[in-house]
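Only one structure is covered here, and it is reproduced in the block below.
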Amino acid sequence: QVQLVQSGSELKKPGASVKVSCKASGDTFTDHGMNWVRQAPGQGLEWMGWINTNTGDPTYAQDFTGRFVFSLDTSVRTAYLQISSLRADDTAVYYCARAHDSGTYALGYWGQGTLVTVSS
Amino acid sequence: DIQMTQSPSSLSASVGDRVTITCRASQTVYTYLTWYQQKPGKAPRFLIYGASNLQTGVPPRFSGSGSGTHFTLTISGLQPEDFGTYYCQQTYTTPTFGPGTKVDIK
């Protein structure tokens, strides 16, 4: 079955960058896009955007433009989220998630989440 | 963006109770509505898509209904393992989530 395994927790200083990975297995990597979802401590879910795993084209939600970059390495079936110029309010769990079927944003498969903590 | 609201924000119910959570959209999303369950420290679990379609493996005590701007998630016969926070998400346009409904077991 589909599995998404994310990289481990990160502790970063303000102004630094972080790159979170999400390795997929269990189906054809390029059949479905990869979404990213943020959850700040004690808060709800925010859809950050997605990347087309066929073309590499990213789409960013309005609040996630500029410092956030989605990328892929299809040779190792892995998607990446890079955040630059980190701020304290970037502290959150970041999830990768795959749609349960083609052409939908209904997220059927989720990684375990990666906690990014930004603190001096 | 389409705004999603949920009510109540939290509830406490007994095992065996029928629980209903409401989700409303600021404009029509037709039936492009998904429900998730999340437990503390865990990733969300995909429950229902297309407003009323139960994901494989989800117990049939969960059901979803609605269309347009008004949706409900019903748990018929609450079980101890159903505690957690439930989120709706519209997928008609740029996806947005509701703020969540926290369900506690009395």
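Chain identifiers are assigned alphabetically (A, B, ...) following the order of the sequence lines, protein sequences preceding nucleic acid strands; residue numbering begins at 1 within each chain. Just the heavy atoms: all of them, side chains too, but no hydrogens, waters or symmetry mates, feed the values below.
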Part of Gln39(A) within contact of chain B (heavy atom distance under 4.5 Å): side chain
Portion of Thr91(B) that has a non-hydrogen atom of chain A nearer than 4.5 angstrom: both
Linked, directly or transitively: Val2(A) and Phe29(A) (ILVMFWY side chains, under 4.5 Å): yes
Most chain A-contacting option - heavy-atom pairs closer than 4.5 Å, from Pro99(B), Pro44(B), Gly100(B), Gly98(B): Pro44(B)
Ring centers of Tyr60(A), Phe68(A) separated by less than 6.0 Å: no
Side-chain donor or acceptor of Gln6(A) paired with backbone N/O of Cys96(A) under 3.5 Å: yes
Toward chain A, the part of Thr56(B) with a non-hydrogen atom under 4.5 Å: neither
Engaged part of Gln38(B) at the chain A interface, taking heavy atoms whose separation is under 4.5 Å: side chain
From Leu45(A) atom CG to Thr96(B) atom OG1, the distance as rounded to the nearest 0.5 Å: 11.5 Å
4.5 Å side-chain heavy-atom contact, Gln62(A) and Thr94(B): no
Trp47(A)-Tyr105(A) aromatic ring centre distance below 6.0 Å: yes
Positions in residues 108-119 of chain A that reach chain B, provided some heavy atom is under 4.5 Å away: Gly108(A), Trp110(A), Gly111(A)
Nearest atoms (heavy-atom pairs only) where Lys19(A) meets Ser71(A): CE-OG, 4.2 Å
Parallel, tilted or perpendicular: rings of Phe46(B) and Tyr36(B) (30°, 60°): tilted
